[in-house]
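A short write-up of the structure that comes next.
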Amino acid sequence: MSTPSNVRHGFLWGASTSPHQTEGANTNSDWWHLENDPASFISERSGDAVDSYRRYGEDMRLLAGAGLTAYRFGIEWARIEPNPGEFSQRELDHYRRMIDTAIGLGLTPVVTLHHFTSPLWFAAMGGWLNPDAVELFARYVRQATTILQDVEWVCTINEPNIVASMTALLRGGAPALDGRASVEAVTSLSLPTPDGEVADILTAAHRRAVEIVRANTSAKAGWTVAGQQFVVTPGNEEIFARTRWAWEDRFLEVSRVDDFIGVQAYTSQSVDENGIVAHPQHPDNTLSGWAYRPDALEMGLRHAWEITGGTPMLVTENGIATADDEVRIRYTEAALDGLAHAVADGLDVRGYLHWSAVDNYEWGHWGPTFGLIAVDRSTLERQPRPSLAWLGAHARACLKETI
Ligand code: BGC
């Protein structure tokens, strides 16, 4: 078993999901629309997803029963604000019940306000490029905070760097891509450089959201950034620095004044004279086509720590798409060893949330299975994998040592 018994008291041990990937029937969202457009470049639809909109209690009970102490999930803007300025109390109540259920089970809720999806009406108005986008988002966040008063951790926007990159993809005429290429693109293998204009808008939206969360709740507020763990190849320092800034550092810098930064790390890629190098074919590549790199977590933590200048970190995502659960355990164990080394060197890491709690809709694709819990998509039955018990036992052992 790997080591982070050196983590601080109150360290969160948990798993993560997002609404669109798990809930099902997110019909009022831009992604639903994209998936269901006959001309869409998305190959598979989310449909009922894994029905966590109704089965969240079961998901949470499995996590808590295994020994985990935290659950990161999102609330869905498209459901909460189905029409501009019209808020659904019923949906707010639904998410409040999720928060209560988590707390009741001893799971600290870590709540994400925006995880890639937006209401269709917002997208139709130009999305983040609408001149009022920041205020429109702020209006939603104000309503959302009515159910978040006692939540301790709020993530404003998930992976703004991927959102900005997705916008660049859509601006560049995504439908020209065939199904497979687009899935790889969406899962960030071959996405274009994040759109700088959108990056600035997302930064402003995040700042407003942090302000609102701080004013209306006692939560710590931050955003979660996709770490790329870029590695320079000899002679390519300049393009490496430019690539890393555009993809990562400009987003990490924003977190200097936040309460925490969500670190998300899966793999690593090198940068050569042409930019980011695609993952070479290798038998160990994951089901999402990424190189098997459990060291990505330690790399991501160290880089975020350096660029933010010491903002507390929460690992909000780390995991692997694999059909072999032994490999998931091996990957996670090595990633946690890396986390332990970072903590031993004095980095302030507040928790580890594995991606993902359950198998879910991987943005256009059902193939890559990331879950600690398998889901049979025809019956929607949950089947915990050995990795869930493994992580839970690990959490329990570490918690015992830190008491
Ligand atoms: C996203 C998740 C996604 C995961 C694996 C992150 O980019 O936040 O929604 O499923 O990585 O690709």
Side-chain angles (χ1 to χ4, degrees), residues 14-23 26 29-32 34-35 42-44 46 49-50 52 71-77 110-118 155-167 169 182-191 194 202 206 222-229 247-248 251 261-269 276 279 285-294 296-297 300 304 314-323 328 331-332 335 352-373 375:
S16 295
T17 57
S18 84
H20 187 75
Q21 292 175 271
T22 56
E23 288 181 343
N26 188 18
S29 69
D30 54 353
W31 258 84
W32 181 271
L34 199 63
E35 291 160 25
I42 305 286
S43 45
E44 292 184 294
S46 57
V50 291
S52 292
Y71 182 43
R72 173 182 175 225
F73 58 91
I75 62 174
E76 182 59 59
W77 183 9
V110 176
V111 176
T112 308
L113 302 178
H114 185 279
H115 196 126
F116 292 167
T117 46
S118 299
C155 308
T156 60
I157 299 173
N158 180 69
E159 297 191 344
N161 44 347
I162 303 299
V163 177
S165 174
M166 277 293 294
T167 313
L169 179 78
S182 64
V183 166
E184 289 180 350
V186 171
T187 53
S188 99
L189 274 179
S190 53
L191 278 170
L202 292 168
H206 167 65
W223 67 1
T224 63
V225 177
Q228 308 299 323
Q229 291 69 245
W247 268 97
E248 198 163 300
F251 299 93
I261 169 135
V263 172
Q264 318 209 140
Y266 293 89
T267 187
S268 162
Q269 273 174 285
I276 303 171
H279 298 272
N285 279 5
T286 72
L287 288 179
S288 34
W290 302 343
Y292 177 86
R293 292 294 298 268
L297 182 58
L314 185 61
V315 178
T316 38
E317 289 184 26
N318 169 252
I320 179 169
T322 175
R328 190 182 332 279
Y331 174 95
T332 310
Y352 173 83
L353 305 170
H354 190 86
W355 185 273
S356 174
V358 289
D359 285 345
N360 59 48
Y361 178 65
E362 180 59 15
W363 306 111
H365 210 21
W366 280 101
T369 41
F370 279 92
L372 296 169
I373 302 168
V375 182

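Position 1 is the first residue of the sequence, and the numbers go up from there. Whatever order the structure lists them in is the order used to number ligands and atoms, beginning at 1.
Under 4.0 angstrom from ligand 1, the non-hydrogen atoms of N158 all belong to its side chain.
Shown here for Q21 and N360, the closest heavy-atom pair between the two residues is O-CB, 3.1 Å.
Centroid-to-centroid, the aromatic rings of W32 and H20 stay 6.0 Å apart or farther. Taking the six-membered ring for Trp, W290 and Y266 have ring centres closer than 6.0 Å.
Atoms of ligand 1 lying under 4.0 Å from any heavy atom of Q264, numbered from 1 in the order shown and given with element: 8 (O). Atoms of ligand 1 lying under 4.0 Å from at least one heavy atom of H115, given by number and element, are 1 (C), 2 (C), 8 (O), 9 (O).
For S165, the side chain to side chain donor-acceptor pair (under 3.5 Å) test picks out no residue, with sequence neighbours left out. Scanning for side chain to side chain contact (heavy atoms under 4.5 Å, CB included) contacts around A49 gives W366, with sequence neighbours left out.
With hydrogens and angles left out, the side-chain atoms of N158 and T224 include a donor and acceptor closer than 3.5 Å.
Between W363 and ligand 1, an N or O atom pair is found at a separation short of 3.5 Å. Close N/O approach between E317 and ligand 1 is found [any backbone or side-chain N/O within under 3.5 Å].
For the ligand labelled ligand 1, residue W290 lies inside the 4.0 Å heavy-atom shell.
By heavy-atom distance, the residue among E159, H20, Q21, H365 lying nearest atom 9 (O) of ligand 1 is Q21.
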